[in-house]
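Written below as structure tokens is the structure these notes are about.
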There are 2 protein chains.
Amino acid sequence: MPKNKAALDREQKREEILGVARRLFLDAGYELTSVGRIAEQAGVAPNTIYWYFADKDALLVAVLDSLVNEAARDFQKHARGPLDAQLLWLLRAFDQAHGIIATVHARAALSESIGAWHANFHRTLESALVALLHGHGVPRPEQGHASRVITFVLEGLLAHPSSSKERRALLGWLVSTVTHRRA
Amino acid sequence: MPKNKAALDREQKREEILGVARRLFLDAGYELTSVGRIAEQAGVAPNTIYWYFADKDALLVAVLDSLVNEAARDFQKHARGPLDAQLLWLLRAFDQAHGIIATVHARAALSESIGAWHANFHRTLESALVALLHGHGVPRPEQGHASRVITFVLEGLLAHPSSSKERRALLGWLVSTVTHRRA
DNA sequence: ACCTGAACACCGTTCAAGT
DNA sequence: ACCTGAACACCGTTCAAGT
């Protein structure tokens with residue numbers, strides 16, 4: 001524990017601002033949440049935010065990290081069973097974040113920090129999916145293609161309205177198509 | 001030809017504003033293109049735009065319509081041959097619009113007009129893809145799932161950087177997987 | 001080091017006034 | 001009917017000034 005009192009206080013305040021931002025981004029969306037409103041709910045002046053975060057995009061990146069870290073932790077605990085059930089679990093874990101995900105895609109080209117976060121996220125997700133597919137018996141030369149297709153389908157299902165029944169049907173079909181593929 | 005001179009003039013001016021908006025949206029992106037800048041390049045005052053379009057979103061919807069209509073026209077002319085080649089053609093046709101597509105996904109939940117356009121676009125694309133799959137021998141009960149997966153993969157390839165070599169490989173694999181599926 | 005009030009340059013949009 | 005200058009309410013961000 002290398003942190004002194006001052007550093008702890010700073011961390012604590014940063015976390016509070018982050019928590020407010022996370023709630024507002026998830027509830028109202030990134031675009032409709034102004035820095036001023038985050039500051040207001042955190043009980044500080046708008047420009048105080050900039051003492052803790054470089055800009056509004058840095059706030060989004062920190063929120064994204066917290067969401068992904070939580071999902072990764074819970075996935076190891078709860079997501080067992082067949083492949084399509086695991087994918088369905090992933091989908092539900094990120095469902096609340098679908099607005100944020102759309103924002104990431106729109107801003108990846110506009111903001112360097114979000115672009116970098118997005119590229120790194122896809123690298124991480126890809127290797128996790130490849131490991132998952134490997135464990136479910138998908139032959140190595142197909143793992144790359146299958147993981148990309150699954151990634152895009154997950155993103156598509158998140159971005160577009162779909163009932164959990166439709167999701168189950170589509171993911172079931174996709175997984176059986178990919179894992180029972182002919183040579 | 002029911003249009004009189006005045007109506008023609010109006011149409012012409014609308015088209016000019018629309019052309020400027022299209023160029024700027026494609027070049028710089030929706031978010032980085034201000035209504036003021038469109039007006040400037042069209043040679044009118046900023047608020048004149050609002051005589052021809054309800055708001056900035058209506059401008060985007062009109063640009064989207066022009067892009068989709070052109071692509072639909074060209075597709076019937078040029079996109080022949082095997083299924084993956086046709087999908088590759090579609091991808092190239094919308095490549096320049098990848099920034100706009102990301103914006104549509106981000107704003108679909110925020111703007112009623114863009115949300116409606118987006119839902120309608122997917123209905124149209126889905127039925128076109130189903131017809132295409134039917135023509136390529138995909139059995140009817142699979143057409144719905146296959147068309148959604150293909151839609152999501154096309155969107156994914158547009159949204160994320162990918163070389164034409166990667167695209168060819170992935171689409172080839174996907175089409176062969178989907179069309180040679182076991183019962 | 002941390003926080004603020006005030007300001008800056010911009011944004012989409014509206015409105016009263018002109019023709 | 002069409003167009004404009006001026007204004008409105010907001011935005012993210014900066015900066016000089018305070019402690």
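A quick note: this is a predicted structure, and the numbers were derived from the prediction, not measured.
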- Is any side-chain N or O of A/Trp51 closer than 4.0 Å to OP1 or OP2 of C/dC2? yes

- Let me know the distance between CG of B/Asp55 and P of C/dT14, rounded to the nearest Å. 8 Å

- Task: Let me know the distance between CG of B/Asp57 and P of C/dG12, rounded to the nearest Å.
- Result: 11 Å

- Message: Looking at C/dC3, I'd like to know if its phosphate oxygens (OP1 or OP2) sit under 4.0 Å from a side-chain N or O belonging to A/Tyr52.
- Response: yes

- Stems in DNA chain C: runs of 3 or more consecutive Watson-Crick or G-U pairs, distances under 3.5 Å? C:4-8 with D:12-16, C:12-16 with D:4-8

- Residue pair A/His136 / A/Leu83: nearest heavy atoms and the distance that separates them: NE2-N, 3.5 Å

- Within this structure, what is the CD-to-P distance between B/Glu31 and C/dG12, rounded to whole angstrom? 11 Å

- Look at the side-chain N and O atoms of A/Lys13 and state whether any lies under 4.0 Å from the OP1 or OP2 oxygen of C/dC3. yes

- Taking C/dT4, C/dG12, D/dT4 as options, the one with an atom nearest any side-chain atom of B/Val35 is C/dG12

- So which nucleotide from D/dC2, D/dT13, C/dC3 ends up closest to the side chain of B/Arg10? D/dC2

- Query: D/dG12 C1' sits how many Å from A/Leu32 CG, rounded?
  - Reply: 15 Å

- Query: Between C/dC11, D/dG12, C/dT13, which one does the side chain of B/Ser34 approach most closely?
  - Reply: C/dC11

- Message: I'd like to know if B/Arg22 pairs up with B/Glu15 as an ion pair, taking the criterion as any Lys NZ or Arg NE/NH1/NH2 lying under 4.0 Å from an Asp or Glu carboxylate oxygen.
- Response: no

- Check whether NZ of the Lys or CZ of the Arg A/Lys56 lies under 6.0 Å from the centre of the six-membered ring of A/Tyr30 and within 45 degrees of that ring's axis. yes

- Task: Scan A/Thr48 against the nucleic acid and name what it touches under 4.0 Å (heavy atoms): base, sugar-phosphate only, or nothing.
- Result: base

